[in-house]
Amino acid sequence: MAQILVVEDDRPFADALASTLRLEGHSVLIAVTAYEGVQLGITHCPDVVIADWMLKHQLHGGDVCERIRIAWPNTKTIIISGYPDVMPQVDRWSEGTETIIEKPFHKERIIEAVNQALSRTTDLAANTATED
Amino acid sequence: MGHSTLFPIRLDEPAVKAGHAEPAAAEWHLFRQALDHSSDGVLITKQPSESAWPLVLYANPASNAFLGRVASDSASGLTNGVPPSLSLSSDSPLWKSLKESHQADGVFSSEVILHDEAGCKNILQLRSEPVYDDSRQLTHRIAILRDVTQQIHLEETVRQNERLACIGLLAAGIAHEINNPTGSALLAAETALAIMNSPQSSEQMVACLRNIVTSMDRCGRIVRTLLRYSREEPSERQACNINDVAEQSLELARPYAERHGAELRLDLEPDLPLAPMNPLEIELVLVNLIRNAVEAGRGDAVITIRTGPAQGGVQIAVSDNGCGMNKEQLAHVFDPLYTTRRQVGGSGLGMSIAYGIVQKHQGRMEVQSQLGSGTTVTIDLPVPAGL
């Protein structure tokens with residue numbers, strides 16, 4: 001079980017995504033603005049952040065993830081977006097992002113992405129342990 | 001004696017009466033040459049007295065073409081009172097307009113639609129002005145006929161293209177918007193399927209189903225909005241609340257604005273009178289203005305749509321805190337094809353079309369701008385007394 005932060009300004013979407021993830025046994029926090037996302041991310045040290053790219057106002061999902069990773073470098077980030085034409089922007093930005101997923105997506109897609117992100121966290125932890 | 005009074009009297013009564021100065025032959029010739037070679041039709045008609053139909057005293061060669069006759073006697077030009085039956089049937093819309101013009105006091109203008117032998121529609125613009133004699137009696141009318149078919153088709157095409165461009169812009173935003181509710185319903189439905197057989201599922205199941213209903217309802221609304229826009233616009237006007245039109249425009253432009261990091265604000269004055277308008281056209285104007293405002297922004301644009309009363313009507317204004325315009329840009333703001341965004345696909349037609357739509361509504365459109373601090377476009381729409 002991991003702690004996942006969903007940053008998504010579309011409330012019904014955030015709720016549906018949270019239900020899907022909770023069903024997988026994860027503990028899920030929801031932020032509906034970029035600022036709330038940064039705040040929750042910094043205070044809760046989530047294992048994975050799933051952020052919508054196109055958030056209202058100034059910060060986009062990438063900005064949110066970047067700020068959280070400054071505080072918690074091991075936090076894995078996944079970007080989701082309903083705007084296919086912003087995908088190139090996301091790609092350019094994508095340093096540190098595990099996966100970019102286009103909306104709409106099936107639950108298997110996001111579960112797989114979360115599991116992959118988590119396994120990398122574990123790998124990293126294992127590597128660090130070996131180096132020690 | 002000035003030319004303006006000299007000329008029509010001579011044509012009506014070619015024989016020079018005693019007391020009138022004989023015009024110089026060269027001058028007379030110049031008049032005739034000018035009219036004979038004009039590409040606009042020129043008709044001089046006499047105020048009807050006994051006959052209900054005006055008499056045509058002069059028709060230049062171009063007008064002969066409009067009248068559908070062979071310009072057989074273009075050298076003389078004078079038709080000496082050709083009765084309507086000889087040139088056009090009396091139920092021809094052109095004759096009807098000419099007759100109507102003689103019932104008017106001042107300048108009369110109308111658009112006349114004629115069908116040629118091939119069945120093609122030709123649109124003539126008729127502008128008829130009164131001609132007075134020395135004692136200020138209205139004796140004749142001079143009618144200018146211009147074929148505006150191509151011009152009108154071009155205007156329609158340009159307007160249609162701009163509308164399509166605007167729809168394209170909206171469609172892109174709206175189609176993207178659909179991905180959220182679709183994605184939300186998809187995940188909710190899959191969750192519902194997964195928990196179907198679990199004993200404690202009922203509350204969660206209800207939440208999932210509600211989510212699906214809300215999301216699908218949202219999809220439906222988005223699609224309806226788009227369809228409403230892509231349908232042929234109805235031309236009739238209806239009494240509308242400008243606040244509703246402002247809200248609808250804001251909804252249409254919101255996805256585009258948000259994608260560009262712009263914030264849209266509404267400042268609506270309640271209890272405004274209803275104004276006659278074609279709401280889709282005014283929405284198009286507002287969406288265009290919002291688009292301009294978004295593009296003038298520097299990443300942190302705040303765009304305010306404000307409504308209020310105006311003298312004899314209602315006012316709606318779109319303000320931004322963007323880069324503003326310099327004097328040269330401001331001077332050309334309504335010129336068709338003037339754009340500072342040619343490289344990014346700007347056609348320069350948006351503002352001139354917006355202006356055209358507002359004018360068609362007998363409204364006023366004004367632009368105030370300060371370089372570096374923003375632009376405000378104000379539209380006043382009249383509310384006729386008694387509405």
Side-chain angles (χ1 to χ4, degrees), chain A residues 4 6-26 28 30 32-35 50-63 78-90 100-114, chain B residues 168-169 171-198 200-201 203-219 221-222 254-265 297-303:
Chain A
I4 300 174
V6 171
V7 187
E8 167 64 82
D9 56 3
D10 186 308
R11 186 74 216 204
F13 192 92
D15 287 340
L17 183 55
S19 303
T20 304
L21 296 168
R22 284 186 188 121
L23 210 60
E24 290 299 302
H26 300 301
V28 184
I30 296 178
V32 291
T33 66
Y35 297 111
I50 302 174
D52 184 36
W53 181 260
M54 199 59 73
L55 295 166
K56 284 192 184 75
H57 311 317
Q58 290 163 18
L59 295 183
H60 58 61
D63 293 325
I78 295 167
I79 293 287
I80 55 177
S81 180
Y83 294 78
D85 57 356
V86 302
M87 287 305 174
Q89 290 179 46
V90 186
I100 304 153
I101 304 174
E102 209 176 297
K103 290 178 190 170
F105 48 79
H106 285 278
K107 65 172 182 149
E108 287 79 13
R109 180 80 183 86
I110 192 75
I111 290 165
E112 184 198 342
V114 168
Chain B
L169 180 95
I174 291 169
H176 293 158
E177 281 256 294
I178 287 182
N179 285 334
N180 269 342
T182 311
S184 169
L186 188 60
L187 289 177
E190 285 175 338
T191 305
L193 280 174
I195 60 173
M196 207 162 60
N197 296 321
S198 103
Q200 294 96 25
S201 71
E203 201 180 312
Q204 214 183 341
M205 181 65 96
V206 169
C208 285
L209 294 177
R210 284 224 173 98
N211 191 316
I212 297 170
V213 171
T214 313
S215 302
M216 288 299 104
D217 185 46
R218 217 168 111 204
C219 280
R221 264 185 292 132
I222 294 165
R254 189 191 295 284
Y256 179 77
E258 280 176 359
R259 260 190 310 152
H260 290 79
E263 187 186 338
L264 297 181
R265 289 182 190 165
R298 290 158 294 196
D300 55 349
V302 177
I303 298 154

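Here is the naming used below: chain letters follow the sequence lines, and residue numbers restart at 1 for every chain.
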_A/K103 side chain near B/N180 side chain, heavy-atom distance below 4.5 Å_ = yes

*chain A contacts: which residues in residues 183-192 of chain B have a non-hydrogen atom closer than 4.5 Å to it?*
B/G183, B/S184, B/L186, B/L187, B/A188, B/E190, B/T191

*Examine whether an atom of A/L17 lies under 4.5 Å from a heavy atom of chain B, and if so say whether it belongs to the side chain, the backbone or both; otherwise answer neither.*
both

*Flag side-chain contact, heavy atom, 4.5 Å: A/D10 against B/R218*: yes

*Rounded to the nearest 0.5 Å, how far apart are OG of B/S198 and CG of A/L23?*
8.0 Å

_Within the supplied structure, the quantity of interest is the number of heavy atoms (other residues, nucleotides, ligands) at a distance under 6.0 Å from A/E108 CD; does it exceed 12?_
yes

